[in-house]
Amino acid sequence: MCGIVGYIGEQEKKKIILDGLKELEYRGYDSAGMAVLKDDEITHFKSVGKLENLAKKTKDFESIGFGLAIGHTRWATHGKPTELNAHPHFGKFSYIVHNGIIENYQEIKKELISKKYNFLSQTDSEVIVHLFEENLKENEPFIAFEKTINTLQGTYAILLMTKAEPNKIFFAKNLVPLIIGKNDKKEVFFGSSDTPLIGLAKDVIYLNDKDYGYAQKDNIVIYNGKKPKSLEWNKLSISKLSAQKDGYRFFMEKEIYEQSSISNETLMGRVLKDDIKFENLEESFFDDINEIKICACGTSFHAALTSSYLFERISKIRVSVEIASEFRYKESLLQKGTLFIVISQSGETADTLQALKIAKKAGLKTLAICNVDNSSIVRISDKTLLTRAGIEKGVASTKAFTTQILVLWMLSLKLAKNKGKISKAFLENEIKNLLKVPTVLKVDEKIHEKIRRLSKRYLHGHGFFFIGRDIFYPLALEGALKLKEISYLHAEGYPSGEMKHGPIALADSELFTVALMPKNTLYEKTKSNVEELSARDATILAISPKTFDIADDFIKTKDHDHPMLEFLEMGVILQLLSLEISIRLGNDVDMPRNLAKSVTVE
Ligand code: F6R
């Protein structure tokens, strides 16, 4: 994930770019850069590490008076975080910034190298600027840009400036966000989200996929499929906070809704046609690994528990999962050959960090699955897979959990392939299903509305049981945790088959049971367990693609043929259920009592 910003106008461009990038730093900050075009000259700066390094580097640079500027904050996918790999990338007289992945960059690069273009970086993005300059040899700039965009395959938000057309910024967008803003002073702004534009732009356009065009101070032209479009301006909020919430009532709600688009970022560059590839994780990393131990807390622990089913079932490797606060005092017997995985949204959880230190001390290979680059856990682990969920503001974790699950699913496949435990056809089918994830995670408004209505019934009673089997058991734990955190109602997650070993004694009409009944995993078994509860008058909310008549409330999910897709859809439903109950109870959804986003104390 990277962030891009752009500006056309009279103001100090350095400041606008640096302030804008600051708002986007959550999208990545392993390097940053900017370029300013003024008086037919382009000046550029790049630096490795956080934005403050770019600020230091540009300290003596001034850029007042009319001109253009583009900026980028990078989260490396192709090529290490070095200055050469930082954006903007440039040719002889043009500069670009790019967010996304150009999937066919290698073919384009080969072709351009044969035409004597010189590449300075290892990135996929650099091809864009050279290809543009190649196309410019026989075309006017806009046509050259259009031809360039038409050659690219993959995901992109691109800004391009060229001395060949020094009053225009060319832009294009596909599958990653790009927003254009303007104000009454004829200034134009670009951003990967609208927060950098707040206080500067008055009206904005949220570009659609495959939109491209150019902007100059008093003219913006957008094309889609060769035809110019009419411009649909929206008023930009003047409050950063409400803009950050994008019109949702709470950050948690926004974060639930953005899981679909965020999942694209998590999968990007990792799910290939017939393989799974993780950046910075060489194939040999798994050599001599014959066991996995995973440590985490809270929601991250539930992701860990889910993955234990996947690792054992798909990768055929023994897995143990431990709550970090237990592990750290347990004096576990750790053996070489064990891959020690820690999972943490924040990367700062004290117990998880300590567990990691214990594993390191015992000489184990360590791998972090984390959402925050440069966090303590990332710095200490041998290797990291970032979940790329973007900053999570709601205290109750939603998109962080979902992206952890995706990374773990991909990892189980990677390991299985590496160890020769799955066939080509199996992997291809899994990949097919991974690619469906963004669609599956789209919130179904009708289901949300239904949850909003039925949440009324679930405000009282003497407790909730969330039940499920197999991977739906950790999901039940997660559903219960979500509800507890923000509704303050008592909720427990249980394996369905375990209810009769004690908890069923609680069953009466004031006991609410949320039953996860996927069609692909032990449906009949779970159904019997739910029937046992219903026979004892428990109030049942069933979530299933199969109609279940005895349920008091029923949420019908889509008919997916893969358990992980059922898991992900049900995950969203459980998040919405706790959200709506909490809202009805009048609680502060984003900042529930007694909790903190990052638990840095033991
Ligand atoms: C639940 C939640 C917590 C965290 C736990 C671990 O919604 O957010 O249970 O999952 O505190 O935090 P991280 O993942 O940052 O290590």
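Order of listing sets the numbers, starting from 1, for every ligand and every atom in it. In what follows, residues are counted from 1 in the order of the sequence shown.
- When non-hydrogen atoms are compared, ligand 1 lies under 4.0 Å from neither the backbone nor the side chain of Glu348.
- Remark: the Thr299 side chain and the Lys482 side chain contain an N/O donor-acceptor pair separated by less than 3.5 Å.
- Atoms of ligand 1 found under 4.0 Å from any heavy atom of Lys482 (numbered from 1 in listed order, with element): 1 (C), 7 (O).
- An N or O contact shorter than 3.5 Å is missing between Thr352 and ligand 1 by distance.
- The cationic group of Lys527 does not satisfy the cation-pi geometry with Phe548, failing either the under 6.0 Å distance to the six-membered ring centre or the 45° limit from the ring axis.
- Considering backbone and side-chain N/O atoms, Gln404 never comes within less than 3.5 Å of an N/O atom of ligand 1.
- Taking every non-hydrogen atom of Gly298 and a distance limit under 4.0 Å, the qualifying atoms of ligand 1 come out as 9 (O), 10 (O).
- Side-chain polar atoms of Arg469 and Asn529 form a donor-acceptor pair below 3.5 angstrom.
- Heavy-atom contacts from other residues, nucleotides or ligands closer than 6.0 Å to NZ of Lys336 number 12 or fewer.
- Remark: ligand 1 atoms within the under-4.0 Å shell around heavy atoms of Glu485 are 1 (C), 2 (C), 7 (O).
- Identified under the side chain to side chain donor-acceptor pair (under 3.5 Å) test for residues 563-576, with sequence neighbours left out: Gln259-Gln575, Asn520-Glu566, His560-Glu569.
- Of all atoms in ligand 1, numbered sequentially from 1 with element shown, those under 4.0 Å from a heavy atom of Ser300 are 10 (O), 13 (P), 14 (O).
- Within the structure, the salt bridge (charged side-chain N to carboxylate O under 4.0 Å, His left out) test picks out the following pairs touching residues 570-585 (sequence neighbours left out): Arg249-Glu580, Arg452-Glu580.
- Side-chain rings of Phe465 and Tyr494 approach one another, their centers coming within less than 6.0 Å.
- Annotation for ligand 1: atoms under 4.0 Å from non-hydrogen atoms of Ala396 are 7 (O).
- Within the 4.0 Å heavy-atom cutoff, Val395 counts among the residues contacting ligand 1.
- For an aromatic pair to be called close, the ring centres must be under 6.0 Å apart, and Phe567 with Tyr309 fails this.
- The distance from ligand 1 to the heavy atoms of Ser344 drops below 4.0 Å at these ligand atoms: 13 (P), 14 (O), 15 (O), 16 (O).
- Shown in contact with Gln345 at under 4.0 Å from a heavy atom are these atoms of ligand 1, numbered in order with element: 13 (P), 14 (O), 15 (O), 16 (O).
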